[in-house]
Asks: 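Structure provided below as structure tokens; questions to follow.
Fair warning: this is a prediction, and the values are worked out from it, not measured in the lab. By convention here, the first residue in the shown sequence is residue 1.
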Amino acid sequence: MDNNPFLRLLGVEIVAWQPDLVELRCELKPELLNRSGALQGGVLATLIDAACGYSGLYCGEADQPRHAVTITLAVNYLRKVSSGRLRAVGKRHGGGRKVFFARGEVFDADGNLVASGQTAHKYA
């Protein structure tokens, strides 16, 4: 995963990436579940944060990656999920030279919205 060891550990992959838009996927595995058998909320927060962040970092030059840090992250947990594949979509929707804003959504394998969120990022 684009030189991000934490996202690789979770099994997150970039499916599609273009200016202002990214799509990620993650196969759920038992290690990502909480003791109730549902996906740990922190994993959903990570998917929202990553999708939103990557949406503002696209660069056509692989040898010149862009970086940013998260300033704010708000997550809405909407549905329990325990198995299958997740799809996270991040869309940059504004900002300037130093800061950008994005929205993210996570869907289960049936296309149901599991979580949504909003972020602000500062280019590093």
Side-chain angles (χ1 to χ4, degrees):
M1 171 78 197
D2 181 61
N3 201 23
N4 186 319
F6 181 64
L7 294 179
R8 273 198 318 272
L9 177 69
L10 293 178
V12 177
E13 300 174 277
I14 295 175
V15 176
W17 197 11
Q18 63 189 38
D20 301 331
L21 180 69
V22 72
E23 182 177 336
L24 309 175
R25 75 173 166 215
C26 178
E27 251 345 288
L28 289 188
K29 43 191 175 182
E31 297 85 358
L32 302 179
L33 304 180
N34 62 27
R35 63 189 201 152
S36 298
L39 180 65
Q40 176 66 36
V43 176
L44 287 168
T46 296
L47 286 170
I48 294 283
D49 186 30
C52 289
Y54 277 92
S55 75
L57 298 178
Y58 180 82
C59 176
E61 306 296 326
D63 61 339
Q64 298 176 2
R66 299 176 79 187
H67 300 278
V69 295
T70 304
I71 300 171
T72 63
L73 168 65
V75 178
N76 307 298
Y77 299 98
L78 306 170
R79 178 183 289 264
K80 177 181 172 180
V81 64
S82 300
S83 63
R85 177 179 285 172
L86 296 176
R87 181 174 64 94
V89 177
K91 296 178 184 176
R92 180 185 180 275
H93 63 84
R97 291 182 310 125
K98 295 183 180 184
V99 174
F100 69 92
F101 307 97
R103 293 186 190 107
E105 296 178 317
V106 178
F107 301 91
D108 66 15
D110 295 325
N112 298 307
L113 184 61
V114 174
S116 65
Q118 306 81 37
T119 61
H121 302 267
K122 181 179 181 192
Y123 289 110

Asks: Hey, any chance Tyr123 and Tyr54 share a hydrophobic cluster, counting ILVMFWY side chains that come within less than 4.5 Å of each other, even indirectly?
Replies: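 Yes, Tyr123 and Tyr54 fall within the same hydrophobic cluster.
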Asks: Could you check Ser116 against Asn76 for side chain to side chain donor-acceptor pair (under 3.5 Å), going step by step and ending with a plain yes or no?
Replies: CA-CA 5 Å; Ser116 65; Asn76 307 298; 3.2 Å; yes
Asks: In Å, rounded to the nearest 0.5 Å, how long is the span from OG of Ser82 to CG of Leu32?
Replies: 11.5 Å
Asks: Considering residues at least two apart in sequence or located in another chain, which fulfil the ring-ring contact (aromatic ring centres under 6.0 Å, His included) criterion with Tyr58?
Replies: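 Partners of Tyr58 under the ring-ring contact (aromatic ring centres under 6.0 Å, His included) test: Trp17.
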Asks: Check the hydrophobic clustering (I, L, V, M, F, W, Y; side-chain heavy atoms under 4.5 Å; chains of links allowed) and say if Leu28 and Leu7 are grouped together.
Replies: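 Leu28 and Leu7: one cluster.
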Asks: In chain order, what residues pass the side chain to side chain donor-acceptor pair (under 3.5 Å) check against Ser83, with sequence neighbours excluded?
Replies: none
Asks: Got a sec, which hydrophobics cluster with Val99, joining ILVMFWY side chains under 4.5 Å apart, including via others?
Replies: Ile71, Phe101
Asks: Minimum heavy-atom separation for Ser55 and Ala102, please, with both atom names.
Replies: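 Looks like OG-CB, 3.6 Å.
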Asks: Identify every side-chain donor-acceptor pair in residues 37-47 under 3.5 Å, counting partners at least two apart or on other chains, and give the distances.
Replies:
residue	atom	partner	partner atom	Å
Thr46	OG1	Gly42	O	2.8

Asks: Cluster partners of Val69, using ILVMFWY side-chain heavy atoms under 4.5 angstrom, listed by chain and number?
Replies: none
Asks: Any salt bridge (charged side-chain N to carboxylate O under 4.0 Å, His left out) involving residues 28-55? Give me the pairs, sequence neighbours left out, ordered by first then second residue.
Replies: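 Residue pairs passing salt bridge (charged side-chain N to carboxylate O under 4.0 Å, His left out), neighbours aside: none found.
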Asks: Kindly write out the residues that satisfy side chain to side chain donor-acceptor pair (under 3.5 Å) with Arg25, not counting sequence neighbours, or none if the list is empty.
Replies: Glu13
Asks: Enumerate donor-acceptor pairs with a distance under 3.5 Å from any side-chain N or O in residues 85-98 to protein atoms, sequence neighbours excluded.
Replies:
residue	atom	partner	partner atom	Å
Arg85	NE	Glu27	OE2	2.7
Arg85	NH2	Glu27	OE2	3.0

Asks: Is there a side-chain contact between Leu24 and Val15, using heavy atoms and a 4.5 Å cut-off?
Replies: no
Asks: Going by atom type alone, with no hydrogens or angles, which donor-acceptor pairs under 3.5 Å involve a side-chain atom of residues 106-115 and a protein atom two or more places apart or on another chain?
Replies:
residue	atom	partner	partner atom	Å
Asp108	OD1	Asp110	N	2.9
Asp108	OD1	Gly111	N	3.1
Asp108	OD1	Asn112	N	2.8
Asp108	OD1	Asn112	ND2	3.4
Asp108	OD2	Asn112	ND2	3.2

Asks: Could you work out, with side chain to side chain donor-acceptor pair (under 3.5 Å) as the rule, every residue matching Thr119, not counting sequence neighbours?
Replies: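 Scan of Thr119 (side chain to side chain donor-acceptor pair (under 3.5 Å), adjacent residues dropped) gives His121.
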Asks: Please name all residues satisfying side chain to side chain donor-acceptor pair (under 3.5 Å) with Asn34, sequence neighbours left out, ordered by chain then number.
Replies: none
